[in-house]
Amino acid sequence: MTEDPISLSPRSRFRAAMILAMAADALQIFVFPLFAEGALSPADDVLDLAVAAVLVNLLGWHWEFLPAFLAELVPGVDLVPFWTLAVISVYRKWKQITITTEETREPAPGAQRLVTFFLPKSANQREIRMTRCSLRCGSGI
C-alpha cells in the first residue's frame with residue numbers, strides 16, 4: 001500500500017508556513033528564555049533546524065531562509081521574529097510573480113478583437129469602408 005502525499009494549494013502552504021514561523025518565533029521570544037540558558041540553548045538550535053527544514057519542505061528553498069537561520073543562531077538577535085519576516089518576504093515575492101503572470105495572460109485593453117457583424121444587402125461599398133475604419137480607429141459605429 002502506497003501513501004500519496006497530501007497536496008496543498010500554494011495559499012494553504014503559505015498559511016501553514018506563516019503559522020509555523022509565528023509559533024516558532026513566539027516560543028523563542030516568550031517561552032524559551034524563561035527556562036533555558038538563553039541563546040546558547042540546544043532547544044533553540046533544534047527548533048531552528050526543525051523550522052528551517054519544514055519551511056523548505058513547504059515553500060521550497062528561498063534565500064530569505066538562510067539569513068533568518070543564521071540570525072537565529074546569534075545570541076540576542078534571536079529575539080527578533082526572523083522566521084516570520086522570512087515567510088512574509090517569500091509570500092510578497094510569490095504574490096508579485098503571481099500578479100505579473102496573470103497580467104501577461106490577459107489581453108491588453110486596446111487589443112484588436114475579431115468582430116463579426118452583418119450589413120444589410122442594400123449597404124454600398126462606401127458604408128462598408130466607413131464601418132471598417134470606425135472599428136479600427138476605435139470610434140465605434
Heavy-atom distance under 4.5 Å between the side chains of Leu55 and Trp61, does that happen here?
->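 Answer no - side chains too far apart.
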Please tell me if the side chains of Glu72 and Leu47 come closer than 4.5 Å, counting only heavy atoms from C-beta onward.
->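 A side-chain contact is absent here, since even the closest heavy-atom pair is not under 4.5 Å.
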Please name the pair of heavy atoms, one in [X] and one in [Y], separated by the smallest distance, quoted to 0.1 Å.
X     : Y     : value
Phe82 : Ala68 : O-CB, 3.8 Å
Ala24 : Val51 : CB-CG2, 3.4 Å
Leu59 : Ala17 : CD1-CB, 3.7 Å
Val87 : Ala21 : CG2-CB, 3.9 Å
Ile29 : Leu79 : CD1-O, 3.3 Å

Among the clusters formed by ILVMFWY side chains lying less than 4.5 Å apart, do Val46 and Val56 turn up in the same one?
->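 No, no single cluster joins them.
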Indicate if Trp83 and Ile19 have the same hydrophobic cluster label, given that clusters are the connected sets of ILVMFWY residues with side-chain heavy-atom separations under 4.5 angstrom.
->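 No: no chain of side-chain contacts under 4.5 Å links Trp83 to Ile19.
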If you round to the nearest 0.5 Å, how far is [atom2] of [Y] from [atom1] of [X]?
X     : Y     : atom1 : atom2 : result
Leu85 : Asp25 : CG    : CG    : 7.5 Å
Thr84 : Met18 : OG1   : CE    : 6.5 Å
Ser89 : Phe65 : OG    : CZ    : 9.0 Å
Leu58 : Arg15 : CG    : CZ    : 12.5 Å

Ignoring hydrogens and angles, tell me if any N or O in the side chain of Thr98 forms a donor-acceptor pair with the backbone of Trp94 under 3.5 Å.
-> yes
May I ask you to decide if Phe69's main-chain N or O and Asp48's side chain share a donor-acceptor pair within less than 3.5 Å?
-> no
Listed once per pair and sorted, the salt bridge (Lys or Arg N to Asp or Glu O under 4.0 Å) pairs that draw on residues 58-69, sequence neighbours left out |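 Those involving residues 58-69 are Glu64-Lys93.
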Look at the rings of Tyr91 and Phe14 and say which category their plane angle falls in: under 30° parallel, 30 to 60° tilted, over 60° perpendicular.
->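 Because their plane-to-plane angle is over 60°, the rings of Tyr91 and Phe14 count as perpendicular.
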